[in-house]
Amino acid sequence: MSDIIQLLPDNVANQIAAGEVVQRPASVAKELLENAIDAGATEIKLLIKEAGKVLIQVIDNGKGMSTTDARLSFERHATSKIRSAEDLFDLHTKGFRGEALASIAAVAHVELKTKQEDQELGTHIKIEGSTVQSQDVISTPVGTSVSVKNLFFNIPARRNFLKSNSVETRHIMDEFHRVALAHPDISFTIYNNDNDVLNLKKGNLKQRIVAVFGGKTNEKLVPINENTDIITVNGFVSKPEFSKKKRGEQFFFVNNRFIKNGYLHHAVLNAFDGLLAQGYHPSYFLYLTVPPHTIDINIHPTKTEIKFDNEQSLYAILRSTIKHSLGQYNVAPVLDFNRDATMDVPYHFKDKKTPSTPQIEVDPNFNPFETEKKSNPFKKQQPAHWESLYVGADTTEINIENIEVDAQIVTKELFDESDNQITNKTYQIHQKYILSVVKSGVLYINQNLAHQRVLYEDLLTKMTVEDTSSQQLLFPLELVFNVPDINLCREIQLDLESAGFQFTSIENDTLILSGIPANVKQNTLQVLFEELFETLKNEVPESSFSQLDIIAKSLAKSLAIKNGTKLTNREQEELLGQLFSCKEPNHSPFGKKTFVTLSLDEIQLKFDN
Ligand code: ADP
Ligand code: MG
């Protein structure tokens, strides 16, 4: 039998290679943009027509090519970026495979114009389906322009396989964004069908992210910075309340190259654990810098998948860095000590046009807030029956002498260094309980549950009289939920407005707020509404009052100071004063005990046993 194996002609080999490298117009855009960056360009223009099906052109002001190089650049495996196999493990350029231009030229009409700085005239090459049509001398600016027309002209199956213009344009924009985000120090302009679509000026990383994704992005970002021996991590993650229903703005760059990596993605999600509502995704823009020899980019023709030497360590570092940064960005609300005058209103319903009778017992003469707020809450502010608790335990005078010696030992172990001031009247334990000495023993107050009670009565007061205070937002705030939740929100709009929320619109899946209650922090709103919708779905209101009551309860729960929050002595005292000014201080709005008492007898009993 005769031999049957033959070497494929170059144009066929190139076409086959193109199948991998050039999947759609966006792949061409990516390769050309990367070449421009590798050429050291500081200004890059991308022009597309008909979603790249008619034209994709990249013009750069980089170093250009000599005439010989210009011709060679279209040969397969022709590259100026690596010389030996070792170079593969020390890559500093985007390209290195030397097959992009050859592949593109195999499946399109390509025109190259290029000139180097020291050249008088440049080179102009036309090539169609791997066949050089012409090569001339041309007058052209320093740098390179590559235009790619009629992509897949010789592979009808591929051409027909392309998606609609809007889909293909989106793919191009995705690639453009990735490249632009990786290189904020380069200015980029994209023209779509001759219209100026996006002009990105050279700037820092944050400016670039904001330029690409819009002005509102700025307030949503938490900076991430970490420097270790094996990796440097820079960039931003979105604050949890700005997480999205759609996955989307999630970017990893390794040594300035956009990459996809499921494992590291998981590390980020892990860092957000417990901070995101079900089905929500964080945005992230993370720039990892690692020694080039610790990665292998060579595992995928489009170079978006890379292999790390020490993936597990990177996972751990990434996760803890992000966790740490999110922790520094405080999601917990703080106590509001600047209570305004509108809160000094009686706790009753007479001014409210409620159709049904309130179902809780009302004392029209009771005013929890009418006493002097500045005074010591333990001395004056509690209603009479509380006063007796503190008789004989005048807390203002507690000091080392009257606690006596063993108390010193106890306090050393029980309290933080900074709180180790025995002259104070209250103590915070484990950033969760407030300990207060009373006549008959000791009170342990749960700070979260206590604050829920305070806020609940406060909100109910606000919601049941006409006058409420809300803070106007500088910019309307958009929150996205699912449609049933938005419908729910529309049903309770009036009640929410009576609590101090102001809505610009409640439509489809979005509500837009123009004002929020005075003591609510903007960055807690997403979670606050989610919790509210959850509570409303679980509790069936029996009357319009109980609906109001449910809303007050839920808001109180969301806004209450969380366990784990450190309180100053002043805050502790203030909270206790407010709690014992409440109508029903013993229980949280959801019926849990707000505090427990340990009597002197009970304490003594422990010593007796
Ligand atoms: P690679 O980028 O992997 O080297 P390409 O096929 O993309 O392979 O490009 C081949 C070579 O052509 C590059 O190595 C580079 O020397 C040259 N080249 C391509 N585009 C440009 C450009 N815009 N400016 C200067 N040189 C370029
Ligand atoms: Mg290249």
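Atoms within each ligand, like the ligands themselves, are counted from 1 in listed order.
- Taking all heavy atoms of Ser80, Gly40, Gly62, Ala70 into account, the minimum distance to atom 15 (C) of ligand 1 is reached by Ser80.
- When hydrogens are left out, the protein atom nearest atom 6 (O) of ligand 1 is Leu101 N, 2.9 Å; that is the closest non-hydrogen contact.
- With ring centers used as reference points, Phe308 lies 6.0 Å or more from Tyr315.
- Ligand 1 places these atoms under 4.0 Å from at least one heavy atom of Ala100: 6 (O), 7 (O).
- Here the side chains of Asn35 and Val146 are not in contact, with every heavy-atom distance at 4.5 Å or above.
- Side chain of Asn508 to main chain of Thr510: no donor-acceptor pair is present (N/O by atom type, distance under 3.5 Å, no hydrogens or angles).
- Annotation: cation-pi geometry not satisfied between Lys149 and Phe153 (NZ/CZ under 6.0 angstrom from ring centroid, within 45° of ring axis).
- Cation-pi geometry between Arg159 and Phe152 is not satisfied (NZ or CZ under 6.0 Å from the ring centre, within 45° of the ring normal).
- Exactly one residue among Phe272, Phe253, Phe252 makes a ring-ring contact (aromatic ring centres under 6.0 Å, His included) with Tyr284. That residue is Phe252.
- From the protein, the heavy atom lying nearest to atom 26 (N) of ligand 1 is Met65 CG, 3.4 Å.
- Using cut-offs of 30° and 60° for the angle between ring planes, the Phe251 and Phe285 rings count as parallel.
- Remark: Glu50 does not engage Lys53 in a salt bridge, criterion side-chain N to carboxylate O under 4.0 Å.
- Among all heavy-atom pairs drawn from Ala70 and Thr114, the shortest one is CB-CG2, 4.0 Å.
- Atoms of ligand 1 lying under 4.0 Å from at least one heavy atom of Thr79, given by number and element, are 1 (P), 4 (O), 14 (O).
- Here the heavy atom of the protein found nearest to atom 25 (C) of ligand 1 is Ala39 CB, 3.6 Å.
- Under a 4.0 Å heavy-atom criterion, Glu31 is not in contact with ligand 1.
- Every N/O-N/O distance between Lys63 and ligand 1 stays at or above 3.5 Å.
- Listed by atom number, the atoms of ligand 1 under 4.0 Å from Asp60 heavy atoms are 22 (C), 23 (N).
- Using 4.0 Å as the threshold, Gly98 has a heavy atom nearer than that to some atom of ligand 1.
- For ligand 1 and Ser73, the ligand atoms under 4.0 Å from any heavy atom of the residue are 10 (C), 12 (O).
- Here His183 and Phe188 keep their ring centres 6.0 angstrom or further from each other.
- Looking only at protein heavy atoms, the nearest one to atom 2 (O) of ligand 1 is Lys81 NZ, 2.7 Å.
- Screening Gln57, Lys126, His124 against Glu111 for a side chain to side chain donor-acceptor pair (under 3.5 Å) leaves a single residue, His124.
- Counting only protein N, O or S atoms closer than 2.8 Å to the Mg ion (ligand 2) gives 1.
- Between the Gln526 side chain and the Val480 main chain, a donor and an acceptor come within less than 3.5 Å of each other.
- For atom 22 (C) of ligand 1, the closest heavy atom belonging to the protein is Thr144 OG1, 3.7 Å.
- At a threshold of 4.5 Å between non-hydrogen side-chain atoms, the residues Ile230 and Val290 do not count as touching.
- Residue, atom and distance of the protein heavy atom nearest to atom 10 (C) of ligand 1 are Ala78 O, 3.3 Å.
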